[in-house]
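Worksheet for the structure shown next.
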Amino acid sequence: MEKNNRDSDFLHIGNKLLGWYKNNARDLPFRKTKDPYKIWICEIVFQQTRINQGLNHYNNFIERFPDVSSLAEAQEDEVLLYWKGLGYYSRAINIHKAAQQIMTDFGGVFPSQYDEILELKGVGKYTAAAVSSICFGGRMPAVDGNFYRVLSRVFADDFDISGSRAFAYFSELAELVMPKNVGDFNQAMMDLGSEICKPKNPLCGECPLNEDCLAFSLDKVSDFPVKTKKVKTEDLHLNYYFVHYQGQFLIQQRKDDFIWKKLFEFPVVIPQELESFTKGVKTIRHKLTHKNLSIEIADVEITSEMVWLDFINKNGYIITDLHGSHEKSFPKPLESYIQNSLKD
DNA sequence: AATCCGGGGCG
DNA sequence: CGCCCAGGATT
């Protein structure tokens, strides 16, 4: 009984949000479709990624892999190639596997139920809720960083969003304001969180919910959401050898257990006798999340064909002219290094 | 429950 | 320079 009262009390917030969304939805390519494949891809691409940062990747990806089967049939390396520069590369590996999952486990038809969608590799509760609600009328709130921020402010709720219980807590809060059209509601929360209820300098004057927002009425918007966890950055150093002979270069593929999963890189060690061909060493500094990365790259130009042939025959390196660095996916800093090197 | 995974934008 | 972002997998 009490719950019903609370439901009816707060439901007008969700409806007000829907009304705002009708006239203020962002004009994005994946808003014009309910194709679950496209919605799924966009949800994965834009995990932890701003729209402007991932929009070109999304468009290129959809153009090359327009549907589940084209993605499932692709080589993993090519999927990685279309992910190059986006970060979180396990996402690319997982969508590729998930596409194959849809072919084998679901007969090539995109699953429509939340629980089924949740089975796909790389799909968690957020993405399953988003796809099922936007494409199939599912009724789960797609609780993400935007939900945490908007709801914690509207209710002036200091529940710590860093803890693992935050998802369940804010999911319940979301149920209180969730209107009939859950798909639009979920997308409206994304747009409100991105355009109005921003982390810094939110535009509360333009917010459709400002009359309902407790934090705003208390002038304490900047106090929410509460996040206690602080992370420290540490240093990471990598060494590479840029080994080449007459325009040919040696590369190898990374494993999938650390950073830059399955991306390509230069040799990490070389035999003693090749050290004498070293021309110089460049140091690259690069910022990774929570890591200050420095990379030393030794330029090793082999001048003896015998040495070159002997070396490549003994090791499992891949030989490339690097002129399709658009044919292999390299980590960002190595990509820059290659571009500069090939100019000379 | 805690940790890891990229890269870019912003104040 | 620290924080944040359309999170999920792993341990």
Side-chain angles (χ1 to χ4, degrees), chain A residues 25-26 28-31 38-58 80 83-95 97-98 117-131 133-134 140-150 160-168 170-171 183 185-195 197-202 222 224-234 236 254-263 285-293 329-336:
Chain A
R26 286 176 292 179
L28 300 169
F30 38 89
R31 283 283 168 66
K38 294 198 176 84
I39 298 299
W40 167 51
I41 298 298
C42 101
E43 292 302 337
I44 303 296
V45 166
F46 294 107
Q47 282 172 9
Q48 303 293 288
T49 305
R50 318 262 174 184
I51 294 296
N52 284 337
Q53 188 185 348
L55 206 46
N56 286 336
H57 282 87
Y58 170 80
L80 258 332
W83 211 265
K84 178 167 64 175
L86 254 189
Y88 287 141
Y89 296 96
S90 57
R91 291 183 296 175
I93 298 168
N94 283 333
I95 49 174
K97 288 179 182 164
I117 300 171
L118 195 54
E119 292 177 25
L120 302 176
K121 303 289 184 200
V123 171
K125 287 177 286 190
Y126 162 79
T127 302
V131 175
S133 68
I134 294 170
M140 306 281 275
V143 177
D144 67 345
N146 292 307
F147 272 69
Y148 290 168
R149 194 166 57 255
V150 173
D160 185 3
I161 68 166
S162 0
S164 52
R165 299 194 313 286
F167 184 87
F170 283 99
S171 294
F185 169 72
N186 284 333
Q187 298 185 86
M189 287 290 270
M190 300 174 200
D191 280 12
L192 188 77
S194 161
E195 306 288 285
C197 197
K198 302 184 291 182
K200 307 255 171 94
N201 301 330
S222 60
F224 303 97
V226 171
K227 185 176 186 179
T228 60
K229 193 176 69 178
K230 310 264 189 241
V231 280
K232 55 173 185 183
T233 64
E234 58 184 38
L236 176 64
R254 291 183 66 81
K255 314 239 179 256
D256 66 351
D257 60 347
F258 187 40
I259 57 173
W260 300 325
K261 299 185 196 340
K262 302 267 186 104
L263 267 55
R285 303 203 177 281
H286 189 78
K287 195 182 155 197
L288 248 46
T289 304
H290 303 155
K291 283 186 176 58
N292 295 315
L293 178 59
S329 185
F330 288 92
K332 209 75 176 181
L334 298 189
E335 175 84 8
S336 313

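Worth knowing before you read on, the calculation uses all heavy atoms, side chains too, and leaves out hydrogens, waters and symmetry mates. Keep in mind it's a predicted model, so treat the numbers as computed, not measured.
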| message | Rounded to whole Å, how long is the line connecting atom CG of L192(A) with atom P of dC5(C)? | response | 14 Å
| field | Distance in angstrom units between D257(A) CG and dG8(C) C1', rounded | value | 17 Å
| remark: chain A vs DNA chain B, heavy-atom contacts under 4.0 Å, first-to-last nucleotide span, 5' to 3', is dA1(B) to dG11(B)
| field | Minimum-distance pair of heavy atoms, taken over all atoms of V123(A) and A128(A) | value | CG1-N, 3.7 Å
| message | Looking at Q47(A), is its backbone amide N or carbonyl O close enough to the side chain of T49(A) to form a donor-acceptor pair, meaning the two atoms are under 3.5 Å apart? | response | yes
| said: Say we look at dG11(B) and dA6(C): how far apart would their P atoms be, to the nearest angstrom? | reply: 15 Å
| note | Residue pair K200(A)/H286(A) against DNA chain B: nearer the 5' end by closest nucleotide is H286(A)
| request: State whether the side chain of S194(A) and the backbone N or O of M190(A) hold a donor-acceptor pair below 3.5 Å, judged by distance alone. | output: no
| Want to settle it: does T233(A) or L120(A) sit nearer the 5' end of DNA chain C, counting the closest nucleotide to each? | T233(A)
| Which parts of residues 44-52 of chain A get close to DNA chain B, meaning a heavy atom less than 4.0 angstrom away? | Q48(A), T49(A), R50(A)
| task | Considering non-hydrogen atoms only, spot the tightest contact between V45(A) and G54(A) and give its length. | result | CG1-O, 3.8 Å
| task | Confirm from the modelled atom types if R91(A) and dA9(C) form a donor-acceptor pair under 3.5 Å, side chain to base only. | result | no
| query | Which residue lies toward the 5' end of DNA chain B, I259(A) or N201(A), if each is placed at its nearest nucleotide? | reply | I259(A)
| task | Mind calculating the distance between NZ (K38(A)) and C1' (dA6(C)) to the nearest angstrom? | result | 18 Å
| task | Could you tell me whether G85(A) contacts a base, only the sugar-phosphate backbone, or nothing, with contacts defined as non-hydrogen atoms closer than 4.0 Å? | result | sugar-phosphate
| said: At 4.0 Å (heavy atoms only), tell me whether I95(A) reaches a base, stays on the sugar-phosphate, or touches nothing. | reply: nothing
| message | Once you apply a heavy-atom cut-off of 4.0 Å, does R254(A) come out as touching a base, just sugar-phosphate, or nothing? | response | nothing
| said: How many whole angstroms separate atom CH2 of W83(A) from atom P of dG8(C)? | reply: 12 Å
| Which word best sums up how the rings of Y58(A) and F30(A) line up, parallel for under 30°, tilted for 30 to 60°, or perpendicular for over 60°? | perpendicular
| query | Is a donor on one side and an acceptor on the other found under 3.5 Å between the side chain of T233(A) and the backbone of N292(A)? | reply | no
| request: Send over the distance from L86(A) CG to dA6(C) P, rounded to a whole Å. | output: 15 Å
| task | State, without any angle test, whether N94(A) and R91(A) hold a side-chain donor-acceptor pair at a distance under 3.5 Å. | result | no
| request: Check every strand shown and say whether K125(A) touches a base, only sugar-phosphate, or nothing at a heavy-atom separation below 4.0 Å. | output: sugar-phosphate
| message | Regarding K229(A), tell me which of base, sugar-phosphate or nothing describes its non-hydrogen contacts under 4.0 Å with the strands shown. | response | base
| query | Which distance, rounded to the nearest 0.5 Å, do you find between the OG of S90(A) and the CG of D257(A)? | reply | 12.0 Å
| request: Please say which of Y126(A), F185(A), F170(A), F167(A) ends up in a ring-ring contact (aromatic ring centres under 6.0 Å, His included) with F147(A). | output: F185(A)
| message | Using the P atom as the point on both nucleotides, what is the distance between dC3(C) and dT3(B), in whole Å? | response | 16 Å
| Mind checking the C1' distance from dG9(B) to dG8(C)? Whole angstroms is fine. | 23 Å
| message | Can you measure M190(A) atom CE to dG7(C) atom C1' for me and round it to whole angstrom units? | response | 12 Å
| request: Take the protein atom NE2 of H290(A) and the nucleotide atom C1' of dC1(C), then report the distance between them rounded to whole Å. | output: 13 Å
| request: For R149(A), report the nucleic acid contact type (base, sugar-phosphate, nothing); a contact means any heavy atom under 4.0 Å. | output: sugar-phosphate
| note | Heavy-atom closest pair (A92(A) atom, L80(A) atom, distance to 0.1 Å) is CB-CD1, 4.0 Å
| task | With heavy atoms under 4.0 Å as the rule, sort Y58(A) into base, sugar-phosphate or nothing. | result | nothing
| Within this structure, what is the CD1-to-C1' distance between I161(A) and dG7(C), rounded to whole angstrom? | 13 Å
| said: Between N186(A) and V131(A) (side chain of the first, backbone of the second, donor and acceptor by atom type, cut-off under 3.5 Å), is there such a pair? | reply: no
